[in-house]
Amino acid sequence: MTPLAILGSVPAFPQPLHVGRPNIGDRQVLLARINDILDRRWLTNAGPVVQEFERRLAEFVGVKHCITMCNATVALEIAIRALELKGEVILPSYTFIATAHALQWQELTPVFADMDPRTHNIDPVSIERVITPRTSGILGVHVWGRACDTEAIESIAQRRGLLVMYDAAHAIGCSHCGKMIGGFGACEVFSFHATKFINSFEGGAVVTNDDMLAEKMELMRNFGFAGYDRVIYLGVNGKMTEVCAAMGLTSLESIEDIVAANRRNYMAYRDGLQGLPGVSVIEYDPAERNNYQYVVVEVDPEVAALNRNELVAVLHAENVLARKYFWPGCHRMEPYRSLQPNASLLLPMTERVASRIIVLPTGQAVSAETVQVICSLIRAALAASGEVRRKLNRVHPP
Ligand code: T4K
């Protein structure tokens with residue numbers, strides 16, 4: 001039986017094992033690109049590397065326009081403003097806090113809809129329930145890279161005269177009904193944060209097929225400048241730097257290797273955790289393109305021998321820094337918790353699922369052997385659940 005640190009053994013890993021260790025790509029290619037940037041002395045403001053990254057991203061996703069930004073949060077803010085969303089915008093509560101903040105930051109009201117527990121994505125039925133005369137749009141999120149029900153969302157939007165955009169921070173390299181994510185709604189937003197599958201250190205992009213919207217966002221990310229000394233919009237500084245684009249481009253060129261590593265780890269987790277009552281690894285549709293960047297485990301506390309929080313405590317003791325994304329849901333974080341104290345009444349599935357999720361380490365920095373060790377730790381903890389629970393109750397009394 002695998003010894004457990006929570007019960008007094010040495011931790012399985014001497015160093016912390018993070019969920020989001022960055023994938024680096026070809027270091028020599030990256031360094032050569034950075035050298036060129038330094039030689040050119042053109043460091044930001046839509047330089048040649050940014051332009052190439054945008055062209056290659058648009059090609060990869062199959063859209064007309066790609067506008068890179070300094071991060072996805074600013075990209076969301078610019079897209080929301082360019083679409084002229086007003087009043088209330090409906091989004092899932094089960095997302096990273098940036099989705100809600102991007103609305104609130106502009107003094108719009110984020111209205112939280114519940115999730116479909118089978119997909120973890122926004123539930124179209126719940127969207128219908130929270131539409132009011134003040135609603136101007138729907139901001140869907142493709143959680144874990146699994147697409148929202150875009151058909152249902154777009155049909156609601158058409159019927160009710162709403163705009164639709166998507167937060168696709170998790171979804172570069174994924175498809176829906178055979179079409180790459182990036183081409184749905186009025187526009188979609190990708191994140192290239194260091195912890196993302198494709199990274200540009202920090203970075204994001206809005207992709208769209210709408211020429212006017214693209215032009216507007218391009219101006220908005222550069223203070224609204226339409227030429228020397230001529231400002232035609234309220235703008236901000238949302239630009240991506242050349243060095244970030246160099247990293248992004250290099251990362252994009254390694255996409256197949258990164259997906260292969262993610263997929264290998266995902267399969268190893270699935271095999272390693274198979275047959276454990278109440279513990280399931282979420283599925284990715286094999287008929288679609290997936291990036292497998294998140295390994296997400298759902299723990300049913302009524303069936304599994306330990307609950308989610310207990311398993312996370314066991315893993316942290318082993319230096320496996322598993323995460324509880326996106327617990328407790330945006331509606332339970334500030335300022336939404338104070339502004340909308342009753343939001344949870346309409347979010348039963350979000351509350352239920354958010355308390356069951358564990359996200360496990362993966363990516364190129366994690367080997368298949370490491371995955372096997374993590375799986376045996378989970379198995380061992382569940383097998384010794386009585387002892388583990390007693391120990392945890394002593395350390396953190398319930
Ligand atoms: N929409 C959605 C749906 C999102 O998930 C996100 C971001 C956004 C919008 C906004 O995108 P950006 O504005 O960030 O482009 C992390 C990321 O920071 C965040 O980008 C991501 N979602 C979210 C899901 O995860 P944290 O605060 O939970 O973790 P963080 O950044 O501390 O990193 C996680 C672990 O990775 C760390 O414990 C250590 C390790 N790590 C981190 C960094 C930065 C490394 O090993 N190396 C690194 O360089 O948010």
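Read the numbers this way: they start at 1 and go in the same order the structure lists the ligands and their atoms. Only a predicted model underlies this, so the values are computations on that prediction, with no experimental measurement involved.
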**Study point:** Basic-acidic side-chain contact under 4.0 Å: Glu84, Lys216
**Key:** yes
**Item:** Output field: ring centroids His170/Phe326 closer than 6.0 Å
**Value:** yes
Sequence neighbours excluded, the answer for side chain to side chain donor-acceptor pair (under 3.5 Å) partners of Thr350 is Asp114
Geometric cation-pi criterion, Arg356 with Trp327: 6.0 Å, 45°:
no
At a 4.0 angstrom heavy-atom cut-off, ligand 1 is contacted by His18, Gly20, Arg21, Pro22, Asn71, Ala72, Thr73, Thr95, Phe96, Ala98, Thr99, Val141, Asp167, Ala169, His170, Ser191, His193, Ala194, Thr195, Lys196, Gly203, Tyr294, Arg323, Tyr325, Phe326
_Looking at Glu253 and Arg33, is there a salt bridge between them, counting it only when a charged N and a carboxylate O are closer than 4.0 Å?_
yes
* To do: Would you confirm whether the ring centroid of Phe53 sits within less than 6.0 angstrom of the ring centroid of Phe192?
  => yes
